[in-house]
S.K.: 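I'd like to ask you about the structure that follows.
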Amino acid sequence: MTVDINAANKTLAGLRPFPVAITTVDGGFANGLMSLSAGSASIIPEAPRAMCGLTKYNMTHDMVLNSGVFVMHMLSAGDDEVDASMEILMTLGGSSGRDGDKIGKLRTKTGETGAPILLDAHSYVECRVVGSLDVQESTIFVGDVVASEVFSQAQRIKIGEAWGKLPEDWIKQYDANHVPQLQSAKDHRFGQKV
Ligand SMILES: Cc1cc2nc3c(=O)[nH]c(=O)nc-3n(C[C@H](O)[C@H](O)[C@H](O)COP(=O)(O)O)c2cc1C
């Protein structure tokens, strides 16, 4: 059967509206990225779990795979807090830790796993990985929550609102960075350049 790609993409679009900032630490180096593929992963309220899918192309992927720890932060849409949210999004999502330290540009404290907690985030869950699933171009990580705080009483920012606030030159750079990332994903999935 031929797949209706448009129908599939329409069905799947926007399922996870909240951009999250994922941080980690490995071998003493702290790093992180933005993700739109994060969610809750437990039906037991007193034993929360979080999950996120990270692309193998990204440095954070290899670091979480190696260290087994990550922190998932929500970002704030509050009037006094949204600028800091945009700073986090642009810093972590706009370049790779391979090109230089990103975490040092943000306000942080060290979490109990050693991973950095972003103090200007809305809230966070800090996790130790309990399982992961390799799906060719990416890995889905599930972690037990070992610490959590809510810093803000404001709403959490959604990707539509955040995207509308991004400067044009940042979007251009993001689009340029996305080209090799997409190619890498296709190489992993199909085993050849397509
Ligand atoms: C809104 C947004 C959503 C993103 N979602 C994901 C995602 O779900 N998974 C992923 O691996 N990368 C995602 N990215 C891309 C990474 O954040 C980006 O490639 C980052 O620069 C990787 O940094 P690193 O190499 O230091 O890990 C997203 C970026 C943005 C701006």
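Worth saying up front: this structure is predicted, and the values here are computed from it rather than measured. All ligand and atom numbering here is 1-based and tracks the order in the structure.
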S.K.: Check whether any side-chain heavy atom of Leu118 lies under 4.5 Å from a side-chain heavy atom of Tyr124, and answer yes or no.
M.R.: no

S.K.: Taking only heavy atoms of Asn31, which atoms of ligand 1 are found under 4.0 Å from at least one of them?
M.R.: 24 (P), 26 (O), 27 (O)

S.K.: Can you check whether Phe151 reaches Ile117 side chain to side chain, under 4.5 Å on heavy atoms?
M.R.: yes

S.K.: Considering the heavy atoms of Tyr174, write down every atom of ligand 1 situated less than 4.0 Å from one of them.
M.R.: 29 (C), 30 (C), 31 (C)

S.K.: Taking the side chain as every heavy atom from C-beta outward, state whether Val25 and Ser67 have any atom pair closer than 4.5 Å.
M.R.: no

S.K.: Tell me which one of Met34, Arg156, Met86, Glu81 satisfies side chain to side chain contact (heavy atoms under 4.5 Å, CB included) with Leu75.
M.R.: Met34

S.K.: If you count the atoms of ligand 1 from 1 in the order shown, which ones are under 4.0 Å from a heavy atom of Leu92?
M.R.: 20 (C), 21 (O)

S.K.: When you look for heavy atoms under 4.0 Å from ligand 1, do you find them on the side chain of Ser95, its backbone, both, or neither?
M.R.: backbone

S.K.: Starting from atom 1 (C) of ligand 1, locate the nearest protein heavy atom and write down its residue, its atom name and how far away it is, to 0.1 Å.
M.R.: Ile159 CD1, 3.6 Å

S.K.: Do Asp120 and Ile88 come within less than 4.5 Å of each other through their side chains, counting heavy atoms only?
M.R.: yes

S.K.: Around atom 25 (O) of ligand 1, find the nearest protein heavy atom and jot down its residue, atom name and distance.
M.R.: Ser96 OG, 2.7 Å

S.K.: Using a 3.5 Å distance criterion without hydrogens, assess whether the side chain of Thr55 forms a donor-acceptor pair with backbone atoms of Tyr57.
M.R.: no

S.K.: What atoms in ligand 1 come closer than 4.0 Å to a heavy atom of Leu54?
M.R.: 11 (O)

S.K.: Using a 4.0 Å cut-off to any heavy atom of Gly93, which atoms of ligand 1 qualify?
M.R.: 17 (O), 18 (C), 21 (O)

S.K.: Which is it for Asn177 and ligand 1 at heavy atoms under 4.0 Å: side chain, backbone, both or neither?
M.R.: neither

S.K.: Hey, does Thr55 come in under 3.5 Å of ligand 1, counting only N/O atoms on both sides?
M.R.: yes

S.K.: Would you mind checking which non-hydrogen protein atom is closest to atom 6 (C) of ligand 1, with the distance to 0.1 Å?
M.R.: Met34 O, 3.3 Å

S.K.: Please report whether ligand 1 has a polar contact with Arg98, defined as an N or O pair separated by less than 3.5 Å (distance criterion only).
M.R.: no

S.K.: Can you tell me if Pro19 has a non-hydrogen atom under 4.0 Å from ligand 1?
M.R.: no

S.K.: Looking only at protein heavy atoms, identify the closest one to atom 9 (N) of ligand 1 and say how far it is in Å.
M.R.: Gly53 O, 3.3 Å

S.K.: May I ask you to check whether Trp163 has an N/O atom sitting below 3.5 Å from an N/O atom of ligand 1?
M.R.: no

S.K.: If I apply the N/O under 3.5 Å rule, does Leu36 come out as touching ligand 1?
M.R.: yes

S.K.: Donor-acceptor pair, Lys102 side chain versus Leu92 backbone, under 3.5 Å?
M.R.: yes

S.K.: Considering both backbone and side-chain atoms of Gly97, is one of its nitrogen or oxygen atoms within less than 3.5 Å of a nitrogen or oxygen in ligand 1?
M.R.: yes

S.K.: Give the residue and atom name of whichever protein heavy atom lies nearest to atom 27 (O) of ligand 1, and the separation in Å to one decimal.
M.R.: Thr60 OG1, 2.6 Å

S.K.: Is the shortest heavy-atom distance from the side chain of Cys127 to the side chain of Arg49 under 4.5 Å?
M.R.: no

S.K.: Treating His122 as the side-chain partner and Met74 as the backbone partner, does any N or O pair qualify as donor plus acceptor under 3.5 Å?
M.R.: no

S.K.: Among all protein non-hydrogen atoms, which one is nearest to atom 8 (O) of ligand 1, and what is the separation to 0.1 Å?
M.R.: Ser37 OG, 2.9 Å

S.K.: Describe, in one word, how the ring planes of Trp163 and Tyr174 are oriented to each other, choosing from parallel (under 30°), tilted (30 to 60°) and perpendicular (over 60°).
M.R.: perpendicular

S.K.: Report the nearest protein non-hydrogen atom to atom 23 (O) of ligand 1: residue, atom name, distance rounded to 0.1 Å.
M.R.: Lys102 NZ, 3.0 Å

S.K.: Could you check if a side-chain atom of Leu89 sits within less than 4.5 angstrom of a side-chain atom of Leu166, using non-hydrogen atoms only?
M.R.: yes

S.K.: Would you please say whether a donor-acceptor pair under 3.5 Å links the side chains of Gln173 and Asn177?
M.R.: yes

S.K.: Compare all side-chain heavy atoms of Leu33 with those of Ile22 and state whether any distance is below 4.5 angstrom.
M.R.: yes

S.K.: Around atom 12 (N) of ligand 1, find the nearest protein heavy atom and jot down its residue, atom name and distance.
M.R.: Asn58 ND2, 3.1 Å

